[in-house]
2 protein chains.
Amino acid sequence: MYICPMHSKELLKGSLKTIILKMLKEHGRMYGYEITQKVRTLTGDELVITEGALYPALHKLEADKLVQTEQEFIGKRVRRYYSLTPSGELAVEEKVSEFESFVQMMQLIIQPKTSFNG
Amino acid sequence: MYICPMHSKELLKGSLKTIILKMLKEHGRMYGYEITQKVRTLTGDELVITEGALYPALHKLEADKLVQTEQEFIGKRVRRYYSLTPSGELAVEEKVSEFESFVQMMQLIIQPKTSFNG
DNA sequence: TTATAATACATAAGAATATTATGTATATTT
DNA sequence: AAATATACATAATATTCTTATGTATTATAA
């Protein structure tokens, strides 16, 4: 299985943790694979988070105590659930508003106001 | 002179070339330092492009033939003007619409539609 | 007039974060 | 039985920033 994701993956850089935290905020506890699938369906298969990006990001968030984990066994298969810590709850809001600020700044550059269509 | 830029510089990653190309598109030919200053004033000192990011990005764009340069001397000081090549003209549109697609995808994640406020 | 700040370029070391590839193993579908 | 999907993980590599440093000219303020 290999699906070509969005054209510019570069833009994902710096937004992945925001995405993960927001998904956990919205859906409560989730496991890694579940996050990638939810993001895919949410974005109509446009945004595909690779495992090589996802798991290191989750581990980093855990090391930073923004998420906490609990293991479960589904049959013999291990599943690692992630959920927000109190710090994580705060971090989501920060990250999301940072992103929104950034988009607003980008709009200033991308959609410059002229005397005609300003 | 050292001004603290936006909180999350991570987000810049992947957008810098888009910014540069769009600035050249809007303002015609520009030199590096001019780009940083224009971006700063445009964004109310929020987005500060550092030299260590700017010049390598410009050199990369030149190597990729998206921009072309001409040197000028202002007194004894060299100034290197950049402008879009035909490929660069195409690339701006691509990059900008990629960015806009990305933002739309992020909105799907960040502002999920509920049955109440959807 | 002289020190400081602004202008204007450049590059190197290091950090962060992604891609791509690989590995392991279980469960489900064809 | 084979292929695909589920579910984790990590290593090598690439990209792209930050931070720091370097050089040099011009303008401004003390």
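The model shown is predicted, which means the values in this text are computed figures rather than measured ones.
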Between B:E34 and A:I49, the residue closer to the 5' end of DNA chain C by nearest nucleotide is B:E34
What closest approach, in Å, do B:Y33 and B:Y55 show between heavy atoms, and which atom pair accounts for it? N-OH, 3.9 Å
Counting side-chain heavy atoms from CB outward, which of C:dT7, C:dC9, D:dC17 is closest to B:A53? D:dC17
Closest to the side chain of B:Y33, out of C:dT7, D:dT18, D:dT6, is C:dT7
Please determine, for the side chain of A:T50, which listed nucleotide (C:dT20, C:dC9, C:dT11) has the closest atom? C:dT20
Between P of C:dT7 and CD1 of B:I35, the distance in whole Å: 15 Å
For A:L54 and D:dC8, give me the distance from atom CG to atom P, rounded to whole Å. 8 Å
Apply side-chain contact (heavy atoms from CB on, under 4.5 Å) to the pair B:Y81 and B:T69, showing each step before the final yes or no. CA-CA 5 Å; B:Y81 277 96; B:T69 68; over 6 Å; no
When you compare the side chain of B:V103 with that of B:Q107, does any pair of heavy atoms fall below 4.5 Å? yes
Any donor and acceptor pair, going by atom type alone, linking the side chain of A:E46 with main-chain N or O of A:T43 inside 3.5 Å? no
Kindly indicate whether the side chain of B:M23, heavy atoms from C-beta on, has any atom under 4.5 Å from the side chain of B:E34. no
Residue-phosphate contact under 4.0 Å: B:H59 side-chain N/O, C:dC9 OP1/OP2: no
Among A:D64, A:L66, A:V67, which residue meets the side-chain contact (heavy atoms from CB on, under 4.5 Å) test with A:S87? A:L66
Considering just the side-chain nitrogens and oxygens of A:Y31, establish if one lies under 4.0 Å of OP1 or OP2 belonging to D:dA7. yes
Using C1' atoms of five pairs at each end, report the bend of the helix from C:dT1-D:dA30 to C:dT30-D:dA1 rounded to 10 degrees. 20°
Sidechain N-carboxylate O distance under 4.0 Å for B:K38, B:E26: no
To the nearest Å, how far apart are B:I19 CD1 and D:dC17 P? 9 Å
Is the phosphate of C:dA16, meaning OP1 or OP2, less than 4.0 Å from a side-chain N or O of A:K17? no
Rounded interatomic separation in angstrom, taking CD from A:E72 and C1' from C:dT26: 17 Å
Can you tell me how far P of D:dC8 sits from CZ of A:F73, to the nearest Å? 12 Å
To the nearest angstrom, the CD-P distance between B:E62 and C:dT11 comes to 11 Å
How close or far is atom P of D:dC8 from atom OH of A:Y82, stated in whole angstroms? 7 Å
When rounded to whole Å, the CZ to C1' distance for the pair A:R79 and D:dA9 reads 17 Å
OP1 or OP2 of C:dT11 less than 4.0 angstrom from a side-chain nitrogen or oxygen of B:Y55, does that happen here? no
With B:E72 as reference, evaluate B:R29, B:R79, B:R80, B:R77 under the salt bridge (Lys or Arg N to Asp or Glu O under 4.0 Å) test and give the passing residue. B:R29
Table of protein N/O atoms under 3.5 Å from nucleotides 22-25 of chain D N/O atoms:
residue : atom : partner : partner atom : Å
D:dT25  : O2   : B:R77   : NH1          : 2.3

So, do B:V48 and B:T36 sit near enough that their side-chain heavy atoms are less than 4.5 Å apart? no
DNA chain D: 5'-proximal contact among A:Y81 and B:K60 (nearest heavy atom): A:Y81
Counting C-beta onward and ignoring hydrogens, is there a side-chain heavy-atom pair between B:M106 and A:K22 closer than 4.5 Å? no
Pick base, sugar-phosphate or nothing for A:G52, based on heavy-atom distances below 4.0 Å to the nucleic acid. base
